[in-house]
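What follows is a short report on a single structure.
For the single chain, residues carry numbers from 1 onward in sequence order.
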Amino acid sequence: MPEPITRRIRPMGRRAVLTGGAAAILAAAGFTPAQAATGRSAGKATGEPTYTLTVMGTTDLHGNVFNWDYFGDKEFDDAQHDDIGLAKIATLVDAVRAERGRRNTLLIDAGDTIQGTPLAYYYARVEPITKQRIHPMAAAMNTIGFDAAALGNHEFNYGIPLLRTFEKQLDFPLLGANAVDQRTGQPAFAPYTVRTVRFEGSRPLKVGILGLTNPGIAIWDKANVEGQMTFPGLVEQARVFVPRLRRAGADIVVVSAHSGADTSSSYGDALPYPENASTLLAEEVPGIDAILVGHAHAEIAQRFVTNKETGAQVLLTEPSYWGRRLSLIDLDVRWSGRQGWQVVAKRSQVLKSNTVPEDTEIVALLKGDHDKVVTYVNSPVGTSKQAMSAATARYEDVPALDFVNFVQAKAVKDALAGTADAELPVLSIAAPFNRDAAIPAGQVSVRDVAGLYIYDNTLLAVRFTGTQLKDYLELSATYFKQVAGSGPFAADDVTNAPTPTAPNGTPDYNYDVVSGLDAPLTYDIDITKAPGQRITGLAYGGTPVGADQVFALAVNNYRQSGGGNFPHVSTAEVIYNRQVEIRQLLIDWVSAAGEIDPAAFSSVDWRLVADGTPVVIEG
């Protein structure tokens, strides 16, 4: 088993001065001042000094160093006008250290670091990291001065050898108490680290940081970990290592857990351990003071969970994802001669990164890497025999969406080969996400392909019956307004129908088309009929779909988790889930094939009708 790492934190920060001042930077980021305990004056009532340890936390950075949208080739922005990236986080970290004192702070991460952007992909697949070529995320995190990070499930996407190379590049430990070497039965990574903190004029405070990752790795990255590592539950391993940390002298135990707060599993009962188990961890394992939560891409400023055995309040916080937020955990501690250090108060909050500038040191350090990836994303990845546009995809069957469905279905079929589900006919769903998406004839860039799929969804497949498929398509068809006759109609007079759940109109991303891989799935949508009665002529390979006919349906994680409230899909049995990004699947397919030929996958399999007559849409 890798030895747990014990280090004393450095008393000095990497810079002493922040432009604009730490207090102003924190105030702009939404910092809520609380009376931090700073020493002897804070403990006058009891005669004992009280100090505040501040633990800062990030999670699910997913390869984001800069506030940049590589596929859009522009600065990142979203509906909430959030910013992203470690360069922004670095500015917040410096401000917190300046405000609280470097010696009184720690900085940890809860995983999913080296996958998720073209920057991460480039240094894993195009120009893989080596002993000499440092991963941009490692360089940034080392410069900022992280004290520890937990393994995320996406750390395993590029294989264990690359992960080990990344691990060696870090100046801090990569923790995973429940990533277990199958041969030895011991953790394959350091399970925990201990940091010694020395408040001014105080006894040393030992802070144990336990890292836990997600059991779902055994399913999602089976191809990379099978026969090498196993991934027992978070609760089970914490029961072993929290007492071990306490026996090793840890006065405080903070868990960095790549597992969501609200107990659930996308893989159902395929594993005996829940995917999202941080609340269970707090409830079931005594001796934990606070948990930095990851994996769920949620924002939790502060949540307290009562431990069932001791009644102690365990503090949970999760700082969203991609560097949108920085969590601050404040633990007030006081020395007791008989009991040693005691935690007397806890609180947490999250700071926004969109009010601060990018750290100039990080920018200077990694601009070259960034520029190289920008060039790559805009470079040719293949060719296309003809142009494909998604402009009309919401009301007619077009090759652009057929291409997405073809690649998704092919990935599922290949993955099911050799399994009990290998003979299932494969269907796939896709939505017209981006009306501006277009693949040009001739040379095609990485960015062109990515435009077809503008979200960071991952691919799954579920077992689906003919009855469930019909229900699914009926819900999808509520996207259309009810009309009389076959037109002609303007597109806006037919699409984006208001519903009780979408009173301002159903968004394009909640309209799915379904395609077959080895045989066409054909159907008509009669928009003269009321919602729920629109799908007619549903057939697979020319034969009407039977109520009990079983398919493998390729879906994205948003749909499978209940997004859009489509029927059956969130409760259907998951038969494929490797946590692979659909956008990257498309890029990889084009790169491998070299040429997109719509004739190989495109056909008109669905249409809008009025009592069997095709509906005419005029732009």
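Cation-pi check for Arg324 over Tyr321 is met; the charged atom lies under 6.0 angstrom from the ring centroid and within 45 degrees of its normal.
Residues Leu106 and Val254 have side chains not in contact (no heavy-atom distance under 4.5 Å, counting atoms from C-beta outward). Within the 4.5 Å cutoff, no side-chain heavy atoms of Thr113 are placed close to those of His135. At least one side-chain heavy atom of Arg103 sits under 4.5 Å from a side-chain heavy atom of Arg198. Considering only heavy atoms from C-beta on, Ile329 comes within 4.5 Å of Leu315 through its side chain.
Atom CD of Gln443 has 12 or fewer neighbouring heavy atoms from other residues, nucleotides or ligands inside a 6.0 Å radius.
Taking the centre of each ring, Tyr558 and Tyr455 stay at or above the 6.0 Å mark.
Atom CG of Asp82 sits about 10.5 Å away from atom NZ of Lys88, to the nearest 0.5 Å. For the atom pair CD (Gln349) and OG1 (Thr32), the distance works out to 5.0 Å, reported to the nearest 0.5 Å. For the atom pair OH of Tyr192 and CG of Leu212, the computed distance is 13.0 Å after rounding to the nearest 0.5 Å. A distance of 12.0 Å separates CZ in Arg97 from CG in Asn104, rounded to the nearest 0.5 Å. Here Gln169 contributes atom CD and Ile114 contributes atom CD1; the two are 9.5 Å apart, rounded to the nearest 0.5 Å.
For the residue pair Ser259 and Asn276, no side-chain donor N or O sits within less than 3.5 Å of a side-chain acceptor on the partner. Counting only N and O atoms by type, the side chains of Asp181 and Gln186 include no donor and acceptor under 3.5 Å apart. If you check the side chains of His81 and Asn354, you find no donor sitting under 3.5 Å from an acceptor. For Thr58 and Asp109, the side-chain atoms include at least one donor-acceptor pair closer than 3.5 Å. Counted by atom type alone, Asn178 and Tyr273 present zero donor-acceptor pairs between their side chains at under 3.5 Å. Side-chain contact of Arg100 with Thr105: a donor-acceptor pair under 3.5 Å is absent, judged by distance alone. Between Ser445 and Asp448, the side chains place a donor N or O and an acceptor N or O closer than 3.5 Å (distance only, hydrogens not considered).
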- Given salt bridge (charged side-chain N to carboxylate O under 4.0 Å, His left out), test Asp262 with Arg303 step by step and report yes or no. CA-CA 11 Å; Asp262 300 319; Arg303 182 184 299 180; 2.9 Å; yes
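When atom types are taken as modelled, the side chain of Asn142 and the backbone of Ala138 share a donor-acceptor pair closer than 3.5 angstrom. At least one donor-acceptor pair closer than 3.5 Å links the side chain of Gln228 to the backbone N or O of Asn224. The backbone N or O of His154 sits nowhere less than 3.5 Å from a side-chain atom of Gln579 that would complete a donor-acceptor pair. The backbone N or O of Arg325 lies less than 3.5 Å from no partner atom in the side chain of Ser320, so there is not a single donor-acceptor pair. The closest donor-acceptor contact from the side chain of Glu155 to the backbone of Asp112 lies under 3.5 Å. His62 contributes a side-chain N or O that, together with a main-chain N or O of Gln115, makes up a donor-acceptor pair within less than 3.5 Å. The backbone N or O of Asn557 lies less than 3.5 Å from no partner atom in the side chain of Thr458, so there is not a single donor-acceptor pair.
Using a 30° and 60° split on the angle between ring planes, Phe199 and Tyr51 fall in the parallel class, below 30°. Between Phe146 and Phe172, the angle of the ring planes lies from 30° to 60°, which puts this pair in the tilted group. Aromatic ring orientation, Tyr121 versus Tyr376: parallel (interplanar angle below 30°, classes split at 30° and 60°).
Electrostatic pairing of Asp330 and Arg347 counts as a salt bridge here, judged by a charged N lying under 4.0 Å from a carboxylate O.
Scanning all heavy atoms of the two residues, the minimum distance from Leu92 to Ser353 falls at CD1-CA, 3.9 Å. Minimum heavy-atom separation, Leu234 to Leu281: O-CD1, 3.7 Å. Of all heavy-atom pairs spanning Asn64 and Met137, the tightest one is N-SD, 4.0 Å. Here the shortest heavy-atom pairing between Leu271 and Gly216 reads CD1-CA, 3.9 Å. For the residue pair Ser265 and Pro274, the shortest heavy atom distance occurs at OG-CA, 3.2 Å. Contact between Leu245 and Gly208 at its shortest, heavy atoms only, is CD2-CA, 3.8 Å.
Here the options are Ile252, Leu331, Thr196, the test is side chain to side chain contact (heavy atoms under 4.5 Å, CB included), and the partner is Leu205; only Ile252 passes.
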